[in-house]
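Scroll down for the structure; my scribbles are underneath it.
Each chain gets a letter, A, B and so on, in the order its sequence line appears, and its residues count up from 1.
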There are 4 protein chains.
Amino acid sequence: MGEQQAWPEQEARRQEILWAAAQVFAAKGFHAARMEEVAERAGVAKGTVYLYYPSKEALFLATLEAILTQWLDQLEQAAAGPGTARERLCSLLEANFTLANRHASLICLAAQESEAWSLRAQVGEAEKERMRSFVVRLTGGIQGVLQEGIQAGELRPDLDVEVAVAMVLGTMHAYNLRRLHQREDLPARELAGRVVDLLLAGMKG
Amino acid sequence: MGEQQAWPEQEARRQEILWAAAQVFAAKGFHAARMEEVAERAGVAKGTVYLYYPSKEALFLATLEAILTQWLDQLEQAAAGPGTARERLCSLLEANFTLANRHASLICLAAQESEAWSLRAQVGEAEKERMRSFVVRLTGGIQGVLQEGIQAGELRPDLDVEVAVAMVLGTMHAYNLRRLHQREDLPARELAGRVVDLLLAGMKG
Amino acid sequence: MGEQQAWPEQEARRQEILWAAAQVFAAKGFHAARMEEVAERAGVAKGTVYLYYPSKEALFLATLEAILTQWLDQLEQAAAGPGTARERLCSLLEANFTLANRHASLICLAAQESEAWSLRAQVGEAEKERMRSFVVRLTGGIQGVLQEGIQAGELRPDLDVEVAVAMVLGTMHAYNLRRLHQREDLPARELAGRVVDLLLAGMKG
Amino acid sequence: MGEQQAWPEQEARRQEILWAAAQVFAAKGFHAARMEEVAERAGVAKGTVYLYYPSKEALFLATLEAILTQWLDQLEQAAAGPGTARERLCSLLEANFTLANRHASLICLAAQESEAWSLRAQVGEAEKERMRSFVVRLTGGIQGVLQEGIQAGELRPDLDVEVAVAMVLGTMHAYNLRRLHQREDLPARELAGRVVDLLLAGMKG
DNA sequence: TATGAATGAGCGTTCATTCAT
DNA sequence: GATGAATGAACGCTCATTCAT
């Protein structure tokens, strides 16, 4: 009952502004981004932005959350399916690389600034906590895949899970950054395969 | 002797300012950093900074270069010694983690902003090239270690070197970021060992 | 009707700022004038000035142009009427002296700085050309009066027109400067008559 | 007795600085001129300038005085000789045009800024008085020539001396300004002749 | 609700002036 | 005396935020 009436108009506007902000923040970073450009991109007047978000900082944090949520949702969904650990890792990485092809700048923004913001003194503790929770959720997801792989006998029982998680995340990030710098798309599926091959088999001769 | 008089005092001041700038830029990023804070931290007046660096941008670029040079020098030196690929990778990672314990924020600054700056339109092509050369030098160094490991028969002859480099760098960066967020030091030697073990042996059961 | 709506309010504000700027520039010169004082005199905040003029230099050039245009318009109009050369020169001088009584500082500003600016390297060639065109227009106007006087037989056929123009302009300027320094108004009509008498009759006994 | 021993070194240095200042002030105007450039041109260090002149303003006023004194001395000397009023006026104008060929910017600087400075609130009354005395001396000199010409019967007994002085000065200034803008020298002697011819004979047909 | 003109705190940079050497 | 590195007040300009319409 009514828990979802909302005002469709309003919410649409909110989203438009949020998306515009994501573009601008991704392109310029927090400080160099200008509220006017956000407004322009959203097709509204400067003052209107303030009807939906009380300040630049609030808009930024909302943007960050939206991006991270979306990204995490996609990654989790990719890793959620049944299948072997190898398959699920492949899906995870492929999903990330595919997203990077479309939104490299957003993902890098999120990866970089979210860290920076959870450190800043002036950000409220509640906000910081929410930022940290994303990291927990991300690492937790990968950890889950790995541990189930161990239990299934597919991965080494003595696997150093903590390091393995860092390795997966780090490799993802390294390619996201690369995508940011070169024009051409990452070959998502192939690349995911190569990464997982190496992760599983190791480098030893 | 005496071939080293030249700037006894001047160069010291230059370094003081550079170091102060590194602190501030690392803590705030380029745009949020204020020249006055740099000056304060260096113990000089605002105008003095401009006697040594002609603009905020120039100071930033100089800071970036100094940090990157130092970091790369240490990593290369660590990886340069004789020994097996395993040993050299361990040294490399240990060196990085040790540096991260002392200068996590600087390393992260360099890693993040150097990328961003090589993209910006207003930065001179010469500066961009220098920034890019750091990336080349870094990846080249790791590549060298791996290829020599292959030739020595220590690493798989069919090793996917490109992906392996990304994996090493990514893992390093992942831990540098982690160090940025938690207070306690990374156990550099132990952690390097664990990472290399996993890299070499792989995750497969 | 109504073809004049457009900017009812905006243009008024623009003019207010321009006029305030004219006062300040006239009193202090370009470099010593402060944008904040311009804003104060116009009754707006500092930032508002920049909504109408993109920089101090642009504001100055606009100011100069407005003053020169107004001044030249009035002089040309005065000299345009029918009548003998004597009458037209009288009108011209009287118009100038009358204006000097009201705006001596502006006229002197224009006379002095417009010259200086058409020399400066950093001013765009287009702007320089516009400044130069004012000088051409001014000298051209006086020249016209003199040449028509010659053709009408009222002035000597061998009149040294070039020198005569300089003499008229120089005398005008000399009195404009004098007005700048003393409080009391120039007796415009009488003075114009005395100047023209001397110009025509010469000093010879 | 000793009233003139002076320290030859010191006075030479003072003059060097003064002359350098004249160049810089003439080229840039008071506010845009920088003390460092004055020092450079004088071949001394920035601080040294302050050993000889206590402030930028004092240096400027001293510069103005030196220029004006020199200029007036030369004009007076030229007008002082025996001869008819025509000859003396010719000498006067020729001297001015000759000086303008060499020092147009200085003369214009003096003409323009000296006026401006005698108006400024912050300049001491004593300084203002000295500035005004130059104007008196200049007009007085020309007035003398004219009045002697009248007494000698060479000029009209009813000559409007006040206007005539303004006319002579104005014409001089008009050509000084012109010299400032074009590269080529004024033909001093010829131009003086043409101006005096017109002044004496008038424009009437 | 939406607008965008207006605001003013804040920052990068300059440069006259000082003072330790 | 002479130097020039250091200082810091001052100014041009930006942009997040407000508010009258």
Side-chain angles (χ1 to χ4, degrees), chain A residues 7 9-10 13 17 30-40 42-60, chain B residues 7 9-10 13-14 17 31-40 42-60, chain C residues 7 9-10 13-14 17 31-40 42-60, chain D residues 7 9-10 13 17 30-40 42-60:
Chain A
W7 326 260
E9 286 278 312
Q10 308 268 359
R13 192 73 76 122
I17 291 170
F30 175 74
H31 266 94
R34 294 182 295 110
M35 292 297 271
E36 183 142 36
E37 195 178 342
V38 172
E40 265 166 32
V44 299
K46 221 178 347 171
T48 306
V49 176
Y50 285 86
L51 297 176
Y52 293 89
Y53 299 93
S55 70
K56 187 185 183 184
E57 184 174 302
L59 175 57
F60 182 71
Chain B
W7 356 261
E9 195 76 355
Q10 307 269 4
R13 191 70 74 127
R14 234 186 120 81
I17 291 170
H31 268 96
R34 293 181 296 110
M35 291 298 271
E36 187 147 31
E37 194 177 344
V38 172
E40 265 165 32
V44 299
K46 217 176 356 166
T48 305
V49 176
Y50 287 86
L51 294 179
Y52 293 89
Y53 300 92
S55 70
K56 186 183 182 183
E57 186 175 299
L59 176 58
F60 182 70
Chain C
W7 356 262
E9 194 77 355
Q10 307 270 4
R13 192 71 74 128
R14 235 186 119 81
I17 291 171
H31 268 95
R34 292 181 297 110
M35 290 298 270
E36 188 147 29
E37 193 177 344
V38 172
E40 265 165 32
V44 299
K46 217 180 352 169
T48 305
V49 177
Y50 287 88
L51 295 178
Y52 294 89
Y53 299 93
S55 70
K56 186 183 183 185
E57 186 175 301
L59 176 57
F60 182 71
Chain D
W7 326 259
E9 285 279 311
Q10 307 269 0
R13 193 74 76 122
I17 292 171
F30 174 73
H31 268 94
R34 294 182 295 109
M35 291 297 271
E36 182 142 36
E37 197 178 342
V38 171
E40 264 167 33
V44 300
K46 220 176 354 168
T48 306
V49 176
Y50 286 85
L51 296 177
Y52 292 90
Y53 299 92
S55 71
K56 188 183 181 184
E57 185 175 300
L59 176 58
F60 182 70

Contact class for A:Tyr53 (heavy atom, under 4.0 Å): base, sugar-phosphate, or nothing?
-> nothing

Check D:Lys56 against D:His31 and note the closest heavy-atom contact, atom names and distance.
-> NZ-O, 3.4 Å

With the criterion being N/O to N/O and under 3.5 Å, what pairs connect the protein with nucleotides 14-16 of chain E, and how long is each?
from   : atom 1 : to      : atom 2 : distance (Å)
E:dA16 : OP1    : D:Ala33 : O      : 3.2
E:dA16 : OP1    : D:Lys56 : NZ     : 3.1
E:dA16 : OP2    : D:Met35 : N      : 2.8

To the nearest 0.5 angstrom, please state how far the NZ atom of B:Lys46 sits from the CZ atom of B:Arg34.
-> 9.5 Å

Give the minimum heavy-atom separation between C:Tyr52 and C:Arg14, together with the two atoms involved.
-> O-NH1, 3.0 Å

Using the heavy-atom set of chain D and a strict 4.0 Å cut-off, write down the first and last nucleotide of DNA chain F that makes it in, 5' to 3'.
-> F:dG1 to F:dA6

For the atom pair CG (C:Leu51) and CZ (C:Arg13), what is the distance rounded to the nearest 0.5 Å?
-> 9.5 Å

Got a second to check how far D:Glu40's CD is from D:Glu37's CD, nearest 0.5 Å?
-> 7.0 Å

Heavy-atom closest pair (B:Leu59 atom, B:Ile17 atom, distance to 0.1 Å) is CD1-CG2, 4.3 Å

Where are the stems of DNA chain E, defined as at least 3 consecutive Watson-Crick or wobble G-U pairs with both distances under 3.5 Å?
-> E:2-21 with F:2-21

Give the rounded distance in Å between these two atoms: CD1 of A:Ile17 and P of E:dT1.
-> 12 Å

